[in-house]
Participant: 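Sharing a structure here in C-alpha cells format.
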Amino acid sequence: MIRFLEPWWLLALLPVLTLAVAYAFRHLLHRFRRDAALPFSNLELLRSLVPRGLGWRRHVAAAAFLAGLFALVAALARPSVEVEEPLERATIMLAIDVSLSMQANDVEPTRMEAAQQAAKEFVTELPGSYNLGLVSFAKSANVLVSPGKDREAVTEAIDALQMAEATATGEAVLTSLDAIKSVPGAGAEGPPPARIVLLSDGYRTYGRSIEEAAAAAVEANVPVTTIAFGTDTGVVDIAGQMQRVPVDREALAQLAETTGGFFYEAASAAELTQVYQDMGSSIGHKTVPREIGQWFAGVALLFGLTAGALSLLWTSRLP
C-alpha cells in the first residue's frame, strides 16, 4: 500500500485539476459555439466538405501532459511503500577476569595485557552487525558495556579494566546471561542467538558455582567459550608474597563442553574469530517506509515526453 510521507504536497493537485477542468470546459464551449454558428442544416454534407481534423488525437497530448503533472505532484509528496527490513540480533558477551592473578607474567607481557590485546583484536574482527557487550569479574561481576553496536565503548572499557581480588567465574556467566536478556526482540520470537566468551586464568574462589552457571547457560541455550590464560608455573606478588597461580583448565574446559562452547588454552585473534564463525543469526524484522518517488518522477517525465512528441507529430508545436 502506498502512503505519502509529505502529503501536504498533494494540495498542488488543486491547480492541476483546475487546469484539467478549464481545458475540458474550453473544449466544450468551443464545440458549442461552432455548432451554434453553423448555417448548414445538413451536417453530414458539411463533414464531407471540410477536411478531417485531428479529432480525438488533439486531446491525447493534453491528457499526457496533465497526467505528467499529476505524477510530478505525487513524487513531491514522497510516496513510499512499507517493507520489512532485517535486523541482526546475534549477541556476544565478553567476560574478562580481572583478578590479581592476571598480573602474572608467564604470558607476555602479562596475562592481563595479553587478554586485553586479544579482546581488542576480537572486537575489531567481529562483524559490525552483531551486538557486543563487556563484563568484568573478580569478587563480583559487573556489566561495563551493555550489548550493542558501539565498538568504541567496548574497546575503551577494555583499556580501563581495574584489577581486584578473588575470582567469581560463575557470577561472570550468570551476569552475562542477564545482559543478553536485555537485547530487544526486534519482532523475532525467543531470545537472540548468543555466545559468552570468557577469558580467565584461575580457580573460582567466590560466588555461585561454575556448575550452577553452566546449567543456567544450557537452559538459556547460550554456549560459553572459555579461553585459559597462563601456565602452571605462573606466580604473582600478592600482598608482598609470591603465590603460585596455576590455570584451572579442567573447570574452564568443562564449562565450555557442558554448554556447547569451545575451550582454548592460548589467546589470539584467529582463535577468537571461531567464536562468531560458528554463530547463526536470528533475523527479526522492522517495518520501514521505502520511498518510491523516483518512479513517480520517471512516470512524469515519460508522460511529458509523450505529450511533447505527439504534439510535434500532429501539430508541429509543443503543447
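Quick note: residue numbers are just sequence positions, from 1.
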Participant: Could you grab the distance from atom CD1 of Ile158 to atom CG of Leu94, nearest 0.5 Å is fine?
Facilitator: 6.0 Å

Participant: Do Glu250 and Asp248 touch side chain to side chain, with heavy atoms closer than 4.5 Å?
Facilitator: yes

Participant: State, to 0.1 Å, how close Ala228 and Phe263 come at their nearest heavy-atom pair, and which atoms those are.
Facilitator: CB-CE1, 3.9 Å

Participant: Group every Ile, Leu, Val, Met, Phe, Trp and Tyr by side-chain heavy-atom contacts under 4.5 Å, then state whether Val224 and Val143 land in the same group.
Facilitator: yes

Participant: Heavy atoms, side chains only, cut-off 4.5 Å: are Lys149 and Asn131 in contact?
Facilitator: yes

Participant: Mind checking whether Phe137 and Leu198 have side chains closer than 4.5 Å, heavy atoms only?
Facilitator: yes

Participant: Taking the side chain as every heavy atom from C-beta outward, state whether Arg151 and Tyr130 have any atom pair closer than 4.5 Å.
Facilitator: yes

Participant: Got a second to check how far Arg204's CZ is from Leu252's CG, nearest 0.5 Å?
Facilitator: 12.5 Å

Participant: Looking at Ser80 and Pro289, what are the two nearest heavy atoms and their distance?
Facilitator: OG-CB, 3.8 Å

Participant: Look up atom CD1 in Ile92 and atom CG in Leu126, then write down how far apart they are to the nearest 0.5 Å.
Facilitator: 4.5 Å

Participant: How long is the straight-line distance from CD1 of Ile210 back to OG of Ser200, given to the nearest 0.5 Å?
Facilitator: 8.0 Å

Participant: Are Leu72 and Leu66 in one and the same hydrophobic cluster, where Ile, Leu, Val, Met, Phe, Trp and Tyr link if side-chain heavy atoms are under 4.5 Å apart?
Facilitator: no

Participant: Please check if the number of heavy atoms outside Asp178 that lie under 6.0 Å from its CG is greater than 12.
Facilitator: yes

Participant: Within the distance-only criterion (no hydrogens, no angle test), does the side chain of Asp150 pair as donor or acceptor with the backbone N or O of Glu152 below 3.5 angstrom?
Facilitator: yes

Participant: Is it true that a side-chain atom of Thr175 and a backbone atom of Ala172 form a donor plus acceptor pair closer than 3.5 Å?
Facilitator: no

Participant: Is there a path of hydrophobic side-chain contacts, each under 4.5 Å between heavy atoms of I, L, V, M, F, W or Y residues, that connects Phe303 with Leu10?
Facilitator: no

Participant: Stepwise, does the side chain to side chain contact (heavy atoms under 4.5 Å, CB included) test hold for Ile196 with Thr259?
Facilitator: CA-CA 10 Å; Ile196 296 172; Thr259 60; over 6 Å; no

Participant: Taking atom OH of Tyr206 as the centre, report whether more than 12 heavy atoms of other residues, nucleotides or ligands fall under 6.0 Å from it.
Facilitator: no

Participant: Regarding Gln254 and Thr258, do their side chains bring together a donor and an acceptor under 3.5 Å, going by distance alone?
Facilitator: yes

Participant: May I ask you to test the Ile96-Met112 pair for a side-chain heavy-atom distance under 4.5 Å?
Facilitator: yes

Participant: Checking Thr225 side chain against Gly261 main chain: does a donor-acceptor pair fall under 3.5 Å?
Facilitator: no

Participant: Among the clusters formed by ILVMFWY side chains lying less than 4.5 Å apart, do Ile292 and Val83 turn up in the same one?
Facilitator: yes

Participant: Testing the basics here: between Ala95 and Ser176, what is the closest heavy-atom pair and its distance to 0.1 Å?
Facilitator: CB-OG, 4.1 Å

Participant: Compute whether any side-chain donor of one residue and acceptor of the other, for Thr169 and Thr167, lie under 3.5 angstrom apart.
Facilitator: no

Participant: With the 4.5 Å side-chain cut-off for hydrophobic clustering, are Val16 and Phe65 part of the same group?
Facilitator: yes

Participant: Less than 4.0 angstrom from a charged side-chain N to a carboxylate O is my criterion; do Arg111 and Asp97 meet it?
Facilitator: no

Participant: Can you find a pair of side-chain heavy atoms, one from Phe70 and one from Leu17, that are under 4.5 Å apart?
Facilitator: yes

Participant: Taking the side chain as every heavy atom from C-beta outward, state whether Leu161 and Leu144 have any pair of such atoms under 4.5 Å apart.
Facilitator: yes

Participant: Is the shortest distance from a Lys or Arg side-chain nitrogen in Lys139 or Glu165 to a carboxylate oxygen in the other one below 4.0 Å?
Facilitator: no

Participant: Of all heavy-atom pairs between Leu177 and Ala213, which one has the smallest distance, and what is that distance?
Facilitator: CD1-O, 4.5 Å

Participant: For the atom pair CE (Met163) and CD (Gln103), what is the distance rounded to the nearest 0.5 Å?
Facilitator: 4.5 Å

Participant: Looking at every non-hydrogen atom in both residues, tell me the closest pair between Met93 and Val145 and how far apart they are.
Facilitator: CE-O, 4.4 Å

Participant: Are side-chain N/O atoms of Glu121 and Gln117 paired as donor and acceptor at under 3.5 Å?
Facilitator: yes

Participant: Nearest 0.5 Å, please: how far is CG in Leu301 from CD in Gln294?
Facilitator: 13.5 Å

Participant: For Leu11 and Pro15, which heavy atoms make the closest approach, and how far apart are they?
Facilitator: O-CD, 3.7 Å

